[in-house]
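Below: the structure, in structure tokens.
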Amino acid sequence: MPKKGWTTGQNLLILAENVKILVLSVIFKFQIIKIFMKTLIKDVSKYVGQEVEIKGWLYNKRSSGPIAFLELRDGTGWIQAVAVKKDFADNIWDEMDKVGQESSVDVVGVVSKHPKHEGVFELQVKDFKIIQSAVDYPIALKEHGPDFLLDNRHLWLRSKRQWAILRVRDAIITAINEYLHQEGFVRTDSPIFTPNACEGTTTLFPVPYFDEGTAYLSQSGQLYLEAIIGSVGRCYDFGPVFRAEKSKTKRHLTEFWMMDAEGAFVEHEENLKIQEGLVRHVVRYCLEHCQEELRVLERDVEKLKQADAPFVRYTYDEAIKKLNELGSDIKYGEDLGNDDEGLLTKDSVVPVFIERWPKSIKPFYMKRDPENAELVLNDDLIATEGGGELIGGSQREDNADLLIERIQKEGLNQADYEWYLDIRRYGSVPHSGFGIGLERAVRWVCGIEHVRETIPFPRTIGRLKP
Ligand code: 4AD
Ligand code: MG
């Protein structure tokens, strides 16, 4: 009925709206179009007894005569889908029977509780579509050699174990961001192309840089953060750093991710306190948020729980004496190798700080110990269970003259560091910071042997692909 005082256009619009409502009611009443709830596997527990649609990949498949068991994954989890032959037209059953591992699929089914396992759900398949059919997926669900897996890293990432590691990595990043913000640190970024070394000239990666000569890929953003604290007081960066490390070990990458934190008016003691707080927060966060991932990785979580307690501290001097008692032939003035780190921490359930090292084996920027001019106010934090060095940190030399002395002694070009010296010339303050290697942290929390599994596409001396 046209309304009085309304224009024809307005009346037509109302009519169109009424027709739309009528058509939609008919569609729903008679289920002319069937609408399924598109669901993520992690959420299926909310839909027991209901029909849902899951889009993902076929992880594994086995069939016993008239029943097929399809293991599906969608990035959020895994679920077993059960299909019974009599429920399907022959052509669809054939597709299901032949579908290859890692094909992408769209499956509709009713969610049910697993008959035997509490908290486990299944999907009773009602409809099945292949999005893309994968033929002869190269990685079978059996043991493969590490080189083969690394060559196929782009596919290997789909395995359950790699899924778990990727998620723990994400949790550690989140935990680090959370803790530092709680402690008043501002997230910032430091450059990758740099004109000078931060951590010694022997591990620099040179890159031709237009008319400016050679740039070097950053080894750590630390020096830049020391400038940025002049603005915001406390800050941190989190990004890729590069080291032309010749060492072929289970802990070294040539490209890895580092979080460097820096704080104005933070001195040595407080620096250690912040580091301990950070690592314990990371452990607690992962224990709370990564239970499924740590189970997949068969991580002994009791050991991780024990690590969330006050850390042990040795001075470098004490560490060398203890190592000699334990049978190591390390001499005072030498850096600790992997074996020494393992030996020193083997009986400790918590990470161990080694502080106040000889300045001769540490970088130029570390502040000399006021109690012994041969030492610096620094620390290495060594993880438990053979996790090795997680963190390197120090109070920074804030006196311009002493810093120039160290720059010259190390044979560095002072002109390259003039900007860095300005930080000491204009309102110098005591300050400290540290850097945590993300992959080392992932390796330790996951309890895995080789750092190459802790980053999606590892770069080592012998590997640049894929
Ligand atoms: O001890 P490093 O060399 O300290 C620094 O770079 C300082 N500038 C950090 C700072 O004070 N802001 O490196 C810090 C951490 C190490 O403790 C280790 O966890 C990790 O970075 N790391 C590596 N991780 C993987 N592969 C490598 N080649 C690594 N070298 C260091
Ligand atoms: Mg170090």
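We use all heavy atoms of the structure for the numbers below, so side chains are in, but hydrogens, waters and symmetry mates are not. When a ligand or atom number is given, it counts from 1 through the structure's own listing order. In this chain, residues are counted from 1 in sequence order.
- A distance below 6.0 Å separates the ring centres of Tyr224 and Trp419.
- The minimum heavy-atom distance between Ser218 and Thr194, with the atom names listed, is CB-CG2, 4.0 Å.
- Ring to ring, Tyr417 and Phe364 are close: their centroids are under 6.0 angstrom apart.
- Close approach to Ile391 involves these atoms of ligand 1, each under 4.0 Å from a residue heavy atom: 17 (O).
- Below 30°, between 30° and 60°, or above 60°: for Tyr179 and His281 the angle between ring planes is between 30° and 60°, a tilted geometry.
- For ligand 1, the polar-atom distance check finds an N/O of Leu253 within less than 3.5 Å of one of the ligand's N/O atoms.
- With salt bridges taken as basic N to acidic carboxylate O contacts below 4.0 Å, none links Lys55 and Asp74.
- Scanning the protein for heavy atoms near atom 19 (O) of ligand 1, the closest one is Leu390 O, 2.8 Å.
- Using cut-offs of 30° and 60° for the angle between ring planes, the His289 and Tyr285 rings count as parallel.
- Of the options Glu439, Glu449, Glu341, a salt bridge (charged side-chain N to carboxylate O under 4.0 Å, His left out) to Arg251 is made by Glu341 and by none of the others.
- Looking at ligand 1, you won't find any N or O of His252 less than 3.5 Å from one of its N or O atoms.
- Considering both main-chain and side-chain atoms, Gly393 never comes within under 3.5 Å of ligand 1 through any nitrogen or oxygen pair.
- Atom 18 (C) of ligand 1 has Arg440 NH1, 3.6 Å as its closest protein atom, hydrogens excluded (heavy atom only).
- Of the N or O atoms in Ile436, none lie within a sub-3.5 Å distance of an N or O in ligand 1.
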Table please: side-chain donor-acceptor pairs of residues 252-263 below 3.5 Å, with sequence neighbours left out.
{"from": "His252", "atom 1": "ND1", "to": "Thr249", "atom 2": "OG1", "distance (Å)": "2.6"}
{"from": "Thr254", "atom 1": "OG1", "to": "Arg459", "atom 2": "O", "distance (Å)": "3.0"}
{"from": "Asp260", "atom 1": "OD1", "to": "Ser220", "atom 2": "OG", "distance (Å)": "2.9"}
{"from": "Asp260", "atom 1": "OD2", "to": "Gly221", "atom 2": "N", "distance (Å)": "3.1"}
{"from": "Glu262", "atom 1": "OE1", "to": "Arg396", "atom 2": "NE", "distance (Å)": "3.3"}
{"from": "Glu262", "atom 1": "OE1", "to": "Arg396", "atom 2": "NH2", "distance (Å)": "2.8"}
{"from": "Glu262", "atom 1": "OE2", "to": "Arg396", "atom 2": "NE", "distance (Å)": "2.9"}

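- For atom 25 (C) of ligand 1, the candidate residues are Glu245, Glu439, Arg251; the nearest heavy-atom contact is made by Arg251.
- Taking a cut-off of under 4.0 Å to the non-hydrogen atoms of Met258, the atoms of ligand 1 that pass are 6 (O), 13 (O), 14 (C), 15 (C), 21 (O).
- Where the criterion is an N or O separation shorter than 3.5 Å, residue side chain and backbone included, Cys198 fails it with respect to ligand 1.
- The residue among Glu199, Arg243, Gln219 with a heavy atom at the shortest distance from atom 13 (O) of ligand 1 is Arg243.
- Side-chain contact of Gln395 with Asn271: a donor-acceptor pair under 3.5 Å is absent, judged by distance alone.
- Scanning the protein for heavy atoms near atom 12 (N) of ligand 1, the closest one is Asp260 OD1, 2.7 Å.
- One option in Gly387, Gly435, Ser247 has a heavy atom closer to atom 9 (C) of ligand 1 than any other, and that option is Gly435.
- For the 3.5 Å distance criterion, the side chains of Glu102 and Tyr59 fail to qualify, holding no donor opposite an acceptor.
- Scanning Lys362, Arg396, Glu389 for the heavy atom closest to atom 11 (O) of ligand 1 points to Arg396.
- Nearest-residue assignment for atom 31 (C) of ligand 1 (options Trp257, Phe256, Phe242, Trp444; heavy-atom criterion): Phe256.
- Ring orientation note: the planes of Trp357 and Tyr316 are tilted relative to one another, at an angle of 30° to 60°.
- For the Mg ion (ligand 2), protein N, O or S atoms closer than 2.8 Å were enumerated as Glu389 OE2, with waters left out.
- Between Phe353 and Phe311, the two ring planes are tilted [angle within 30° to 60°].
- Among residues at least two apart or in separate chains, there is no ring-ring contact (aromatic ring centres under 6.0 Å, His included) pair with a member in residues 438-464.
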List, one per line, each side-chain donor-acceptor pair under 3.5 Å for residues 200-207, sequence neighbours excluded.
{"from": "Thr203", "atom 1": "OG1", "to": "Gln219", "atom 2": "NE2", "distance (Å)": "2.9"}

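- Listed by atom number, the atoms of ligand 1 under 4.0 Å from Tyr365 heavy atoms are 7 (C), 8 (N).
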